[in-house]
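Below is one structure, written out as structure tokens; the observations come after it.
What you see is a predicted model; the values in this text were computed from it and never measured. FYI, side chains are in, hydrogens and waters are out, and symmetry mates aren't considered; it's all heavy atoms of this structure. Start at 1 and go down the list; that is how both ligands and their atoms are numbered. In this chain, residues are counted from 1 in sequence order.
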Amino acid sequence: MYEIGHFIDGKRVKGTSGRFGDIFNPATGEVQGRVAMASPGEVEQAIARAAAAQPAWGAMNPQRRARVMMEMVRLLNRDMDKLAEALSREHGKTLPDARGDVQRGLEVIEFSIGAPHLLKGEFTDGAGPGIDMYSMRQPLGVVGIIMPFNFPAMMPLWHLGPCLASGNAAVYKPSERDPSVAMMLAELFIEAGLPEGVFQVVNGDKEAVDTLLDSDVIQGISFVGSTPVAKYIYARATASGKRAQCFGGAKNHMIVMPDADIDQAADALVGAGYGAAGERCMAVSVAVPVGDETADRLIEALIPRIEKLKVAPYTAGEDVDYGPVVTREAQERILGLINKGVEEGAKLVVDNRDFKLQGYENGFFVGPHLFDHVTPDMEIYKTEIFGPVLSTVRAGSYEEALKLAMDHEYGNGTAIFTRDGDTARDFAHRVNIGMVGINVPIPVPLAYHSFGGWKKSMFGDLNQHGPDGFRFYTRTKTVTSRWPSGLKEGGEFHFKAMD
Ligand code: NAD
């Protein structure tokens with residue numbers, strides 16, 4: 001048993017609220033630790049200390065801040081295996097997946113080394129007689145960051161890179177399900193040279209989050225999690241005038257055209273649908289084959305692949321396909337939705353409802369499931385299941401498949417598998433979804449592009465990492481300056497001169 005508190009002013013501190021949450025080992029179902037739930041007072045103290053540390057950090061020249069990011073990249077590489085092990089122990093994902101989690105986060109820290117370039121402003125020489133105009137990007141101040149359980153390294157690093165490199169201080173509230181990695185990242189930032197107090201971690205639940213949302217000191221909120229919470233956070237943060245970007249849930253469709261390479265499409269669907277037990281916001285949860293013949297071929301190709309999946313704890317080796325889901329509630333919710341799908345008349349062509357792993361009977365494992373003949377009115381189609389369940393909705397034509405993806409309330413990611421360039425191009429242009437893959441099942445943009453969905457998958461406007469990340473964490477200030485020599489030629493300065 002271990003205890004996770006908070007990380008304030010450069011060190012781990014114990015929680016003082018007296019409230020704790022259990023940290024489970026999802027593979028065994030046992031409680032392995034506990035995490036302190038911060039009180040409003042503890043969160044306010046963390047914010048105040050961050051506010052005290054921010055001005056000096058914000059005033060430091062950007063290349064010095066970039067050097068901290070550079071060192072952080074080295075340290076993340078050095079500690080990759082340690083971070084991955086801690087991550088898998090609390091989250092349940094496989095070790096290769098956990099290393100990928102750290103790697104994709106690290107890449108945004110790497111991108112943030114470019115802060116001196118990314119923060120450069122604009123300059124107009126001679127906007128009028130003796131008049132110059134320039135704009136600069138300044139940090140917001142103290143930012144609140146609230147993240148989900150499913151990528152405990154990648155998600156915070158996507159935000160901390162641009163946030164800290166821009167000169168902000170951050171108060172980070174990780175998911176209470178897997179808080180260890182956050183504490184390790186905080187220690188690494190200190191080792192990398194980040195001044196104490198610039199990055200604080202407060203663990204907790206809604207009480208801690210609401211304190212961040214209502215604080216007068218916090219200037220911006222970055223949230224990633226489920227849609228109902230994203231919507232709530234966006235409304236509450238913006239009500240008090242904060243800048244907010246809130247990323248929500250997903251239901252990602254993959255359209256399989258009759259001309260697609262079916263083996264390639266089936267391999268892609270198995271990886272994207274069942275990898276990480278389906279606990280990814282970019283997981284493909286709906287396959288949309290166009291035409292019954294395509295559908296039959298696809299289902300036939302999928303079944304043997306799904307039956308071969310190795311579901312086991314991360315400790316069982318590098319060849320494990322996926323591990324347990326995060327909590328018992330998640331496990332029960334997923335199985336409940338599968339039963340609901342059967343009741344509603346969908347055809348469960350791969351049924352593992354009685355899945356039990358010998359020696360891990362109390363673990364939160366869910367076997368892989370495949371539905372065929374799902375229709376848009378069914379609960380399993382409308383809801384984000386966030387588990388190893390793939391639904392097949394058969395479409396009669398390309399237009400019908402496109403409309404299906406477009407009519408869904410979520411708009412995070414989507415993909416099309418086809419050999420036809422015209423169809424692929426048409427799809428990319430017309431679909432109302434933020435991230436599109438063409439023969440790529442999980443089109444996650446790399447660090448130097450921005451990541452974000454449309455519709456109910458995102459509240460706010462600026463996306464995560466890439467150029468948008470730096471835009472979100474900075475405010476533009478524009479200065480107009482006039483020096484006396486400009487007056488000599490035109491006499492009295494007047495604004496007309498700038499027309
Ligand atoms: P969640 O919404 O339950 O929790 C996210 C964070 O919000 C956690 O830190 C949690 O403590 C906090 N929280 C939960 N309920 C709250 C409340 N009522 N008030 C204030 N704070 C609250 O999400 P989760 O289960 O941790 O993560 C899974 C979800 O995240 C999925 O829906 C997934 O699609 C989504 N997700 C989205 C993206 C994206 O970029 N769009 C990326 C990763 C995950």
Side-chain angles (χ1 to χ4, degrees), residues 19 21 23 26 35-38 40 43 90-93 101 104-105 108 144-159 171-179 181-182 201-214 221-237 244-252 276-285 325-327 329-331 333-334 383-387 409-414 433-435 442-445 450-460 462-466 468-469 472:
R19 282 202 309 129
I23 304 171
V35 56
M37 298 285 167
V43 178
E90 291 181 352
H91 177 286
K93 65 173 75 174
D101 193 326
R104 289 308 288 264
V108 172
I145 297 178
I146 304 141
M147 293 290 127
F149 79 84
N150 66 328
F151 283 97
M154 181 187 85
M155 289 311 328
L157 292 172
W158 277 11
H159 290 269
V171 180
Y172 170 38
K173 207 297 285 172
S175 168
E176 58 275 46
R177 316 252 175 266
D178 43 18
V181 170
V201 181
V202 287
N203 279 300
D205 52 12
K206 181 170 165 51
E207 210 171 305
V209 172
D210 286 348
T211 310
L212 290 172
L213 300 180
D214 295 344
I221 292 286
S222 293
F223 171 86
V224 183
S226 57
T227 286
V229 184
K231 204 168 161 185
Y232 159 76
I233 290 198
Y234 186 74
R236 191 152 170 172
Q245 50 169 194
C246 300
F247 300 88
K251 194 81 179 175
N252 304 317
E279 291 177 321
R280 292 179 179 144
C281 72
M282 288 294 275
V284 173
S285 46
V325 298
V326 70
T327 55
E329 296 81 70
Q331 183 191 37
R333 183 180 160 276
I334 295 164
T383 308
E384 180 184 41
I385 301 177
F386 225 53
E409 64 172 341
Y410 293 118
N412 215 38
T414 188
I433 289 171
M435 292 169 282
I442 307 189
V444 175
S450 296
F451 178 112
W454 288 15
K455 300 187 276 183
K456 296 240 167 63
S457 295
M458 203 278 189
F459 302 84
L462 292 168
N463 283 336
Q464 309 179 76
H465 67 65
D468 268 10
F472 181 79

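Between atom 2 (O) of ligand 1 and the options G453, C281, S226, the minimum heavy-atom separation is to S226. Between K251, M458, K206, K173, it is K206 that holds the heavy atom closest to atom 18 (N) of ligand 1. Of the listed options V209, D210, N412, V209 places a heavy atom closest to atom 21 (N) of ligand 1.
Not a single protein heavy atom sits closer than 4.0 Å to atom 4 (O) of ligand 1.
Polar contact check, N150 against ligand 1: no nitrogen or oxygen pair lies under 3.5 Å apart. Distances between N or O atoms of E176 and those of ligand 1 include at least one value under 3.5 Å. By the 3.5 Å distance cut-off applied to N or O atoms, M147 is counted among the residues near ligand 1.
Heavy-atom proximity to Y232, at under 4.0 Å, picks out these atoms of ligand 1: 19 (N). In summary, the atoms of ligand 1 found under 4.0 Å from a heavy atom of Q464, numbered by their order in the structure, are 40 (O). When each atom of ligand 1 is checked for a heavy atom of V224 under 4.0 Å away, the hits are 5 (C), 36 (N), 37 (C), 38 (C), 39 (C), 40 (O), 42 (C), 43 (C), 44 (C).
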Requested in this report: Give the C-alpha distance, both sets of side-chain angles, the deciding distance and a yes or no for side-chain contact (heavy atoms from CB on, under 4.5 Å) between I334 and I385.
Outcome: CA-CA 6 Å; I334 295 164; I385 301 177; 4.0 Å; yes
Requested in this report: May I have the step-by-step check of side-chain contact (heavy atoms from CB on, under 4.5 Å) for V224 and F151, ending in yes or no?
Outcome: CA-CA 10 Å; V224 183; F151 283 97; over 6 Å; no
Query - Evaluation steps, side-chain contact (heavy atoms from CB on, under 4.5 Å), between E279 and K93 - result: CA-CA 9 Å; E279 291 177 321; K93 65 173 75 174; over 6 Å; no
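Of the protein's non-hydrogen atoms, the one nearest atom 32 (O) of ligand 1 is E384 OE1, 2.6 Å. For atom 26 (O) of ligand 1, the nearest non-hydrogen atom of the protein is F149 N, 3.1 Å. Shortest contact from atom 7 (O) of ligand 1 to any protein heavy atom: F223 CE1, 3.3 Å. Protein heavy atom closest to atom 35 (C) of ligand 1, with residue, atom name and distance, is G225 O, 3.1 Å. If you check which protein heavy atom lies closest to atom 22 (C) of ligand 1, you get V229 CG1, 3.6 Å. Distance from atom 37 (C) of ligand 1 to its nearest protein heavy atom, with residue and atom name: G248 O, 3.1 Å. With respect to atom 27 (O) of ligand 1, the closest heavy atom belonging to the protein is P148 CB, 3.2 Å. Nearest protein heavy-atom contact of atom 28 (C) of ligand 1 is F386 CE2, 3.6 Å.
In this structure, S285 and E384 have side chains that are not in contact, with every pair of non-hydrogen atoms separated by 4.5 Å or more.
At a 4.0 Å heavy-atom cut-off, ligand 1 touches P174 through the backbone alone.
Listed for the N463 side chain is no donor-acceptor partner under 3.5 Å among the backbone atoms of D468. Judged by distance alone, with hydrogens and angles left aside, the side-chain atoms of N252 form a donor-acceptor pair with the main-chain N or O of A283 at under 3.5 Å.
For the atom pair NZ (K231) and NZ (K456), the distance works out to 5.5 Å, reported to the nearest 0.5 Å. How far NZ of K251 is from OG of S457: 12.0 Å, rounded to the nearest 0.5 Å. Taken from CG in D210 to OH in Y232, the straight-line distance is 3.0 Å, to the nearest 0.5 Å.
When all heavy atoms of E207 and P40 are compared, the closest pair comes out as OE2-CD, 3.0 Å.
H465 and F451 have tilted rings, their planes meeting at an angle from 30° to 60° on a 0 to 90° scale.
Taking E176 as the reference, K173 meet the salt bridge (charged side-chain N to carboxylate O under 4.0 Å, His left out) condition, with sequence neighbours excluded.
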